[in-house]
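Let me begin by presenting the structure, written as structure tokens, before commenting on it.
Whatever order the structure lists ligands and atoms in, that order sets their numbers, starting from 1.
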Amino acid sequence: RPRVLSGIQPTAGSFHLGNYLGAVRQWVALQETHDAFYMVVDLHAITLPQDPAELRSNTRLAAAQLLAAGLDPERCTLFVQSHVPEHAQLAWIMNCLTGFGEASRMTQFKDKSARQGTERASVGLFTYPILQVADILLYRANEVPVGEDQRQHIELTRDLAERFNGRFGQTFTVPAPYILKETAKIYDLQDPSIKMSKSASTPKGLINLLDEPRATAKKVKSAVTDTETVIRYDTEHKPGISNLLTIYSTLTGTGITELEQKYAGKGYGALKTDLAEVMVDFVTPFRERTQQYLDDPETLDSILAKGAEKARAVAAETLSQAYDRVGFLPAK
Ligand code: AQP
């Protein structure tokens, strides 16, 4: 079986709809066909300041949401990044192989550091794509299911895998991005020119899966569209409607063309009312399942402990090979 690896940050508390449709939904599908490793990336979370108690509870909350979304610990390896110290260890080697200019070109860093003020942004935020490189290479993943915003980081991973292999001998698998075109980028409901994101979206533009279902319905109903009335998928001229159609289509499994036909001659209000209902039907059981996992922290922790053990077995082997190739003297 080919291997996949991906991760999600525990920082926001609730996952948002972009996280789910862009990434987590694919993770659930891929556990059936791939040897799948998924992690809650708490090391990445501290690239921005975190309250320790909140970070801990958000890490459990992220794992609970992944299980609620359909990850099955019998079918995939689910773990917390900091439980596998090899991530930080391989990241150091990768840091030393990356050019400063190369790292400076990462657009996510530019965006996130600009929001914080470049002087205040941590060096961790700067090197976070390189930690991501280590995350992926440690598992020799063939594919990495992520949203479009991560494409550049997968490119960097490919470059560094090839660089390491070229310099020290074949060690790492060169991974490919696994990005589904339809859901690669879910847009903000209030500003469909920007991606839905926990840090850049306004509260009304961001659908948090754990919010009150009624609040979510309200956000769908007040989504920004355009001044026409026709319901047509056209990302250039009708980004708001196209975004709603994408969400509707993915959550219900109905084709976009079918939806266009269904709403021919109907107004935006009808589409929004129906989509609001679809959303409520989706988030209500999701919230309940998440709560069930949170109510049983012992089970949750034991799933994560088993996951870490499985992940570590793979990561330790890769790291020891990388250490050897680099020329580190083995510890006796
Ligand atoms: N709007 C989106 N559309 C499609 N995919 C998305 N992802 C995030 N936003 C969208 C994908 O979700 C996965 C987890 O990303 P993350 O750990 O970076 O989560 P996040 O920090 O909560 O994502 P945000 O909201 O995008 O954070 P900020 O605002 O900090 O940049 C990834 O695979 C990502 O592609």
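Aromatic ring orientation, Phe282 versus Phe286: parallel (interplanar angle below 30°, classes split at 30° and 60°).
Between Met196 and ligand 1, a contact under 3.5 Å exists for at least one N or O pair. Looking at ligand 1, you'll find an N or O of Ile186 within less than 3.5 Å of one of its N or O atoms. Checking only distances, Ser197 does come within under 3.5 Å of ligand 1, N or O to N or O. Inclusion of Asn19 in the set of residues having an N or O under 3.5 Å from an N or O of ligand 1 is warranted. Between Gln9 and ligand 1, at least one pair of N/O atoms sits closer than 3.5 Å.
With no hydrogens or angles considered, a side-chain donor-acceptor pair links Tyr263 and Asp274 at under 3.5 Å. Using modelled atom types and a 3.5 Å distance limit, the side chains of His44 and Gln9 yield no donor-acceptor pair. Inspection of the Asp35 and Tyr139 side chains reveals no N or O donor paired with an N or O acceptor under 3.5 Å. Residues Asp135 and His87 bring a donor and an acceptor atom of their side chains to less than 3.5 Å of each other. Under 3.5 Å, the side chains of Gln291 and Asp295 contain a donor-acceptor pair of N or O atoms.
Of the heavy atoms in Asp149, only side-chain atoms (C-beta onward) come closer than 4.0 Å to ligand 1. Only the backbone of Lys185 comes within 4.0 Å of ligand 1, judged by heavy-atom distances. Of all the heavy atoms of Val24, none lies under 4.0 Å from any atom of ligand 1, so neither backbone nor side chain is involved. Contacts between Ser199 and ligand 1, counted as non-hydrogen atom pairs separated by less than 4.0 Å, involve both the backbone and the side chain.
A distance of 5.5 Å separates OH of Tyr268 from CD of Glu228, quoted to the nearest 0.5 Å.
In the vicinity of Ala184, heavy-atom distances shorter than 4.0 Å reach the ligand 1 atoms 3 (N), 4 (C), 5 (N). Remark: ligand 1 atoms within the under-4.0 Å shell around heavy atoms of Val146 are 33 (O). Taking every non-hydrogen atom of Ile8 and a distance limit under 4.0 Å, the qualifying atoms of ligand 1 come out as 14 (C), 17 (O). Under a 4.0 Å criterion applied to the non-hydrogen atoms of Lys195, ligand 1 contributes the atoms 1 (N), 26 (O), 31 (O). Within the listing of ligand 1, atoms 5 (N), 33 (O), 34 (C), 35 (O) sit less than 4.0 angstrom from a heavy atom of Gly147. Short contacts between ligand 1 and Ala23, defined as distances under 4.0 Å to a heavy atom of the residue, involve ligand atoms 12 (O), 13 (C), 33 (O). Less than 4.0 angstrom separates some heavy atom of Gln150 from each of these atoms of ligand 1: 35 (O). Heavy-atom proximity to Thr183, at under 4.0 Å, picks out these atoms of ligand 1: 4 (C).
Side chain of Asn19 to backbone of Phe15: no donor-acceptor contact under 3.5 angstrom is found.
Salt-bridge formation is not detected for the pair Asp211/Arg287: no Lys NZ or Arg NE/NH1/NH2 atom is positioned less than 4.0 Å from an Asp or Glu carboxylate oxygen. Salt-bridge formation is detected for the pair Lys195/Asp149: a Lys NZ or Arg NE/NH1/NH2 atom is positioned less than 4.0 Å from an Asp or Glu carboxylate oxygen.
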As a quick check of understanding, evaluate side chain to side chain donor-acceptor pair (under 3.5 Å) for Thr107 and Gln152, giving each step before the final call.
CA-CA 8 Å; Thr107 56; Gln152 196 186 27; 3.2 Å; yes
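When the options Val224, Leu244, Leu206 are evaluated for a side-chain contact (heavy atoms from CB on, under 4.5 Å) with Leu189, the one that passes is Leu244.
The residue from Gly22, Ser6, Gly18 that puts a heavy atom closest to atom 10 (C) of ligand 1 is Gly18. Between Glu148, Lys198, His16, Lys112, it is Lys112 that holds the heavy atom closest to atom 31 (O) of ligand 1.
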